[in-house]
Visitor: 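I am attaching a structure below and will ask some questions about it afterwards.
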Amino acid sequence: TMGFLVDSLKQLVMELEKPEPLEKLPDVVARAIEEYSEDSPRLYNVHRDFFEVIKESAGELIGVFEKLWKEFPRGWAKSIYICFPNRLSRWTSLCVRIRSVRREGELGVEAVTIDKFYRPGKWATHMIYLSEPSRSEFEEELRRLVE
């Protein structure tokens with residue numbers, strides 16, 4: 001049974017001991033993707049272009065999180081999923097999930113998870129789905145998310 005537990009936890013790429021300020025989000029996402037590239041080199045390399053777009057665009061998520069917290073102040077955490085088709089499996093998408101929290105009134109980034117999902121739309125309240133690795137599609141999806 002221990003193996004199962006370890007297996008299910010392995011996709012949590014980065015859980016921070018204490019949340020980093022929201023402004024550090026691009027840095028936290030870059031570190032998580034870097035770590036993922038070492039843990040899952042094959043999946044990372046096949047989808048490198050998507051991960052690059054996410055790294056380059058991560059800063060734009062700061063304002064989106066701020067807006068989400070303003071609109072939905074309840075709860076202790078808000079997550080945004082950034083998903084794209086898994087080129088190695090027809091049935092799953094790869095998702096980078098960024099979880100923000102509010103502690104003592106301050107917004108922060110608490111965890112970044114990268115995992116394979118079957119139909120992520122069933123789980124994700126706030127999702128950006130990229131059908132192609134492009135910054136313009138990312139920005140388009142961001143606008144749709146905050147409308």
Visitor: Supply the atom-to-atom distance L145 CG to E140 CD, rounded to the nearest 0.5 angstrom.
Guide: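 Between L145 CG and E140 CD, I get 12.0 Å after rounding to 0.5 Å.
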Visitor: Apply side chain to side chain contact (heavy atoms under 4.5 Å, CB included) to the pair W69 and L22, showing each step before the final yes or no.
Guide: CA-CA 12 Å; W69 279 101; L22 201 55; 5.8 Å; no
Visitor: Less than 4.0 angstrom from a charged side-chain N to a carboxylate O is my criterion; do R144 and E141 meet it?
Guide: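 Answer for the salt bridge query: yes.
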Visitor: Is there side-chain contact between M127 and P120, with at least one heavy-atom pair below 4.5 Å?
Guide: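 Sidechains of P120 and M127: in contact.
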Visitor: Do F72 and L61 sit in one hydrophobic cluster, given that two such residues count as connected whenever their side-chain heavy atoms are within less than 4.5 Å of each other, even indirectly?
Guide: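 Both belong to a single hydrophobic cluster.
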Visitor: Please report the shortest heavy-atom distance between F117 and Y81, naming the atom on each side.
Guide: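 Scanning both residues, the minimum pair turns out to be CZ-CE2, 3.8 Å.
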Visitor: Treat each ILVMFWY residue as a node, draw an edge where side-chain heavy atoms are under 4.5 Å apart, and state whether Y118 and V96 are in one component.
Guide: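 In one cluster with Y118: V96, no.
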Visitor: To the nearest 0.5 Å, how far apart are OG in S100 and CD1 in I62?
Guide: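 Going from the OG atom of S100 to the CD1 atom of I62 covers 11.5 Å.
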Visitor: Between E20 and R31, is there a salt bridge with N-O shorter than 4.0 Å?
Guide: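 Salt bridge between R31 and E20, a charged N being under 4.0 Å from a carboxylate O: yes.
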Visitor: Does some side-chain heavy atom of S37 sit less than 4.5 Å from a side-chain heavy atom of F51?
Guide: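 F51 vs S37: side chains apart.
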Visitor: Just checking K24: does its NZ atom have more than 12 heavy atoms from other residues, nucleotides or ligands closer to it than 6.0 angstrom?
Guide: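 It does not: K24 NZ has 12 such atoms or fewer within range.
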Visitor: Tell me, do E52 and I33 make a side-chain contact under 4.5 Å, heavy atoms counted?
Guide: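 Sidechains of I33 and E52: no contact.
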Visitor: Identify whether L88 and F50 are in the same connected component of the hydrophobic contact network (ILVMFWY, side-chain heavy atoms under 4.5 Å).
Guide: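 Linked, L88 and F50 end up in one cluster.
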Visitor: Going from CD1 on I80 to CG on L142, what distance comes out if it is rounded to the nearest 0.5 angstrom?
Guide: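 Rounded to the nearest 0.5 Å, the CD1-CG separation comes to 7.5 Å.
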Visitor: Got a salt bridge between R103 and E106, using NZ or NE/NH1/NH2 to carboxylate O under 4.0 Å?
Guide: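 Looking at E106 together with R103, the answer is no, because their closest N to O distance does not fall below 4.0 Å.
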Visitor: Do you know which two heavy atoms are closest between V101 and A77, and how far apart they sit?
Guide: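 Closest approach of V101 to A77: CG1-CB, 4.0 Å.
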Visitor: I want to check something: taking the side chain as every heavy atom from C-beta on, are I114 and L43 in contact at a cut-off of under 4.5 Å?
Guide: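 No - every pair of side-chain heavy atoms lies 4.5 Å or more apart.
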Visitor: Quick one: pull up CZ in R119 and OG in S93 and give me the separation to the nearest 0.5 Å.
Guide: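 Result: 11.0 Å between the selected atoms.
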Visitor: Would you say I98 and I82 make side-chain contact, with heavy atoms under 4.5 Å?
Guide: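 Result yes, sub-4.5 Å side-chain heavy-atom pair found.
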Visitor: Are the side chains of F84 and I54 in touch, meaning some heavy atoms are under 4.5 Å apart?
Guide: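 Touching, per the 4.5 Å side-chain cut-off.
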Visitor: Would you say E137's side chain and L130's backbone share a donor-acceptor pair under 3.5 angstrom?
Guide: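 Such a contact is absent between E137 side chain and L130 backbone.
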Visitor: Between E110 and W76, is the side chain to side chain contact (heavy atoms under 4.5 Å, CB included) condition met? List the steps.
Guide: CA-CA 11 Å; E110 185 180 65; W76 62 276; 3.8 Å; yes
Visitor: Is P133 close to F138 at the side-chain level, that is, under 4.5 Å between some pair of heavy atoms?
Guide: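 Result no, sub-4.5 Å side-chain heavy-atom pair not found.
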Visitor: Say you draw a straight line from CD of E66 to CG of L107; how long is it, rounded to the nearest 0.5 Å?
Guide: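 That separation rounds to 6.5 Å.
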Visitor: Taking the side chain as C-beta and beyond, is there a heavy-atom pair between R99 and T113 under 4.5 Å?
Guide: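 When only atoms from C-beta onward are counted, T113 and R99 do not touch, as no gap falls below 4.5 Å.
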Visitor: Roughly how far, to the nearest 0.5 Å, is the OG1 atom of T92 from the CG atom of N86?
Guide: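 Rounded to the nearest 0.5 Å, the CG-OG1 separation comes out at 3.5 Å.
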